[in-house]
Amino acid sequence: MAHTNESIVSEFVLLGLSNSWELQLFFFAIFSTVYVTSVLGNVMIIIVIFSDSNLNSPMYFLLSNLSFIDICQSNFATPKMLMDFFIEHKTISFEGCMAQIFLLHSFVGSEMMLLVAMAYDRFVAICKPLHYNTIMNQRLCIIFVSVSWAVGILHSVSHLVFTVDLPFCGPNEVDSFFCDLPLVIKLACMDTYGMEVMTLTNSGLISLSCFLALIISYTVILITVWHQSSSGSSKALSTLTAHITVVILFFGPCIYFYIWPFSRLSVDKYLSVFYTVCTPLLNPIIYSLRNEDVKSAMRKLRNRHVNSGKN
């Protein structure tokens, strides 16, 4: 990624979460556990879904793609953060910094759109059950996934195309453990007010529009479930609870950061840990521990391997 001749900054210094060696060791123990658990958990969800024919449905196809995005999100910055706990002078190259910005916004934008697709899937399943197989066909699911990635990448490129050519000519300390776009923009040697407004508008619009679409969808679905008296309504309500939990925990920090993205508090970088490190763990925990179909498929897969091992 080329940048202008005015940019003389070739690397950025990441200030990390703490200067205390003991605290950094504590963080390493906690976050390495979360990282390994989230990656293995999401990999397990993908394996279980594709190995069990009972999970061959649009909902689980979208869920497996959500797990794949979470695996990607787990790896864009967390491995470097874990290594940096043992490095006194934490740096990242200009190109590496731009890559982190691009990857983060691509994965987050894609996940937002995919959560909307999953809400639509539940809306059709509960509100139009007789037409579910006709509407939620394989072609539509592939379109949903493709559009999610396209929106995420375009959203990210729209940020990066302006950021990469900003004149960085002196300050290079980022008060975080990764290249956070608002913090990097503020280091440019120019008036960045217009850039800040554009970033707020871009990210704010996609976050709020997806969040409002999800709120409206789940409100309609919950009302429909409330009026149902069938035995399947409790199962539907359990699935909805899992989806709504993911939405709230995912969009909560996101909306918070873009309410005042350029007036950060020192505590905000600790909230970023939840957003970038802990969020990918939500998927395996919520969808595995609360979903009887997934747990049943895991038990069958485990028994299959146990029996094959004995043979």
**OP:** Sequence neighbours left out, what passes side-chain hydrogen bond (donor to acceptor under 3.5 Å, both in side chains) with Asn65? Give chain and number order.
**Re:** none

Subject >> Nearest atoms (heavy-atom pairs only) where Thr91 meets Lys80 >> reply: O-NZ, 2.8 Å

Original post:
So do Trp149 and Ile69 actually touch side chain to side chain, heavy atoms under 4.5 Å?
Top reply: yes

Original post:
Does some side-chain heavy atom of Met118 sit less than 4.5 Å from a side-chain heavy atom of Phe144?
Top reply: no

Original post:
Is the closest side-chain heavy-atom distance between Leu181 and Leu160 below 4.5 Å?
Top reply: no

**OP:** Give a yes or no on whether Phe68 atom CZ has more than 12 heavy-atom contacts from other residues, nucleotides or ligands under 6.0 Å away.
**Re:** no

**OP:** Grab the two heavy atoms, one from Cys179 and one from Ile92, that are nearest each other, plus how far apart they are.
**Re:** SG-CG2, 3.8 Å

**OP:** Please work out whether the ring planes of Phe12 and Phe168 are parallel, tilted or perpendicular, with thresholds of 30° and 60°.
**Re:** perpendicular

Original post:
Among Ile49, Val145, Leu55, which residue meets the side chain to side chain contact (heavy atoms under 4.5 Å, CB included) test with Phe61?
Top reply: Val145

Original post:
Under 3.5 Å, is there a donor-acceptor pair between the Ser158 and His105 side chains?
Top reply: no

Original post:
Do Thr78 and Phe178 come within less than 4.5 Å of each other through their side chains, counting heavy atoms only?
Top reply: no

Subject >> Short side-chain donor-acceptor distance under 3.5 Å, Asp293 and Tyr60 >> reply: yes

Subject >> Validation row: Phe86, Leu25 side chains within 4.5 angstrom (heavy atoms) >> reply: yes

Subject >> Nearest atoms (heavy-atom pairs only) where Ile221 meets Ala119 >> reply: CD1-O, 3.7 Å

Original post:
Taking only residues two or more places apart in sequence or in another chain, which ones pass side chain to side chain contact (heavy atoms under 4.5 Å, CB included) with Phe85?
Top reply: Leu17, Gln24, Phe27, Phe28, Phe31, Met81, Leu82

